[in-house]
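Reading through the structure tokens given below for one structure.
All chains are named by letter (A, B, ...) in the order of the sequence lines, taking the proteins before the strands, and each is independently numbered beginning at 1.
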Protein chains: 2
Amino acid sequence: MKVFREINELRTYLKSERLASARQGKFIQTGLVPTMGYLHEGHASLLRKARGENDLVVLSIFVNPIQFGPNEDLDKYPRDEKNDLQLAEREGADAVFLPSVEEMYPVPTKTKVLVQQLTSRLCGASRPGHFDGVTTVVSKLMHIVQPDNAYFGQKDAQQAAVISQMVADLNFDVRIVPCPIVREKDGLALSSRNVYLSPEDRNAALVLSRSLLTLQSKVEAGEAVTVGQASEDIIHTISVEPRALIDYVEIVTFPGLSAMEPGQVLAEAEEEVLIAVAVKFGNTRLIDNIIVTKKGEAIHV
Amino acid sequence: MKVFREINELRTYLKSERLASARQGKFIQTGLVPTMGYLHEGHASLLRKARGENDLVVLSIFVNPIQFGPNEDLDKYPRDEKNDLQLAEREGADAVFLPSVEEMYPVPTKTKVLVQQLTSRLCGASRPGHFDGVTTVVSKLMHIVQPDNAYFGQKDAQQAAVISQMVADLNFDVRIVPCPIVREKDGLALSSRNVYLSPEDRNAALVLSRSLLTLQSKVEAGEAVTVGQASEDIIHTISVEPRALIDYVEIVTFPGLSAMEPGQVLAEAEEEVLIAVAVKFGNTRLIDNIIVTKKGEAIHV
């Protein structure tokens, strides 16, 4: 496994790998797994999916400053390069791209990639400018790596929808592969930010997955749950937990992220439905979601 | 010469050409010449430059609706596909990409690529949103063609600066090649929009190049012309022509497009200096410019 900290070195490596295989008449498939590091089993599942579908797997680790707001956790975002490299090696990554902030932004960027509409709700409303930072850095990574496939976790369902929209609108020649949420045995969705949680908050945070998975069971059991009822149920379940401060509970179409009528029965919607929550425990903001298909089957949990 | 109207067909062709040459251990160089058609000798000079530097030359012709304002000339923008294809063939283009609006924008784009600061002055001030449309469509074309080199005329000096900024900021793996303005014998800068001019306006429009080339002569002769004097001289020369309505006369650094002090001597500036004018003749808006280097040598005229 190779480790690159400079854009030009990574490019030279990729070109040479591509040329070597092209000499044998084959265009190799490259998979990109873009992350902010502090890798966990969720990231490992992305790497395994990428490993199964590509000749060359590139993992990027970059805590992207322009997707953090001024009062967010950029400075304390957890980092563990040694452990990350071990996990990458174990999951068979061919190359790890670990650029510095100066390498990615030698001068402040004047250019931004913006996706409108899809970024106005959910995390886009709570974190102004966040998705502009995400789409801008993902554009940069795509141009550097030129992957055939790129892997994103569905825990950030809005992010996956926004990036898919960007790729379609701008004709990026890449396939976006959304991958299911990975959970602890007790239901907590894996997140690098879980490390912030005190034992008490860690326990309280189970209310997120519990509220979503309870709803999922009802829908799968054939109950005609409406958008309004689902929203009320989730808010009620979370509010019982005194440590939890709800940022949002939103039920929208997926991947269009459009508002839905409160009376709409989830299982009868014409599109897939995203039920997404963001909740703060102390200074730690966690997100979780499920997606319900129109056949009433919950997926991506 | 091949003509493509669909993105997927062009991509298939490019991949097959690249694979064929890669089998012999060579990565071919692709040059892109993006245009809005109604080609003239200025475009031909871009094609010749591209032909000399690339294995594969792709000309795109697309009148991009999202770079036109609501009261601009989108509907009457001149078109002549037959003549364009003849010129492309004559200049040795390998492929012409001629997409429909529906092919490029099957649904209205939610994604925009924006370059800040550089787009706030000059044509960016006169044509709000224009450059967002340009950078967005150029991003799409880059992703479709994946060129090694892309050719832009310096008549749109601000456009060349904005696109170079975008390419640097977003790590596009392409070299931007600015090419000199091509002029008629009497000095008029070639433009597809010259076709709009009545004989009287065509004659009056010579005031643009005359004002700029007079300034150029002075600078080349070693005169210590300041920004303020240059601006006054150009405004005075153009104002003598009653058919001319000045949109702007701007003197800024190039390629940073920053404002300059009125007392700054052009030939002593630390960066190159762009002297750009936009003038209306009836409904037709023309632009022209010169660039003065810090050695007092005028280039790109």
Q. Considering only heavy atoms, which portion of A:S21 lies under 4.5 Å from any heavy atom of chain B: side chain, backbone, both, or neither?
A. neither
Q: Tell me, yes or no, whether the heavy-atom count around B:K49 atom NZ, taken from other residues, nucleotides or ligands under 6.0 Å, exceeds 12.
A: no
Q) Just how far is it from atom OG of A:S139 to atom CE of B:M166, taken to the nearest 0.5 Å? A) 10.0 Å
Q. Out of curiosity, A:M142 CE to B:H143 NE2, how far, rounded to the nearest 0.5 Å?
A. 9.0 Å
Q. Of the listed residues (B:D132, B:V137, B:V162, B:N171), which shares the most heavy-atom pairs with chain A below a 4.5 Å separation?
A. B:N171
**Q.** Spacing of A:L19 atom CG and B:K26 atom NZ [to the nearest 0.5 Å]
**A.** 11.5 Å
**Q.** Proximity breakdown for B:Q117 and chain A, heavy-atom pairs closer than 4.5 Å
**A.** side chain
**Q.** Distance in Å, A:D173 CG paired with B:R11 CZ, rounded so as to fall on 0.5 Å steps
**A.** 4.0 Å
Q. Non-hydrogen atoms of chain B under 4.5 Å away: do they reach the side chain of A:L141, the backbone, both or neither?
A. neither
Q: Answer yes or no: is there a donor N or O on one side and an acceptor on the other, between the side chain of B:D169 and the main chain of A:K110, under 3.5 Å?
A: yes
Q: Please state whether the side chain, the backbone, both or neither of B:T135 comes within less than 4.5 Å of a heavy atom of chain A.
A: neither
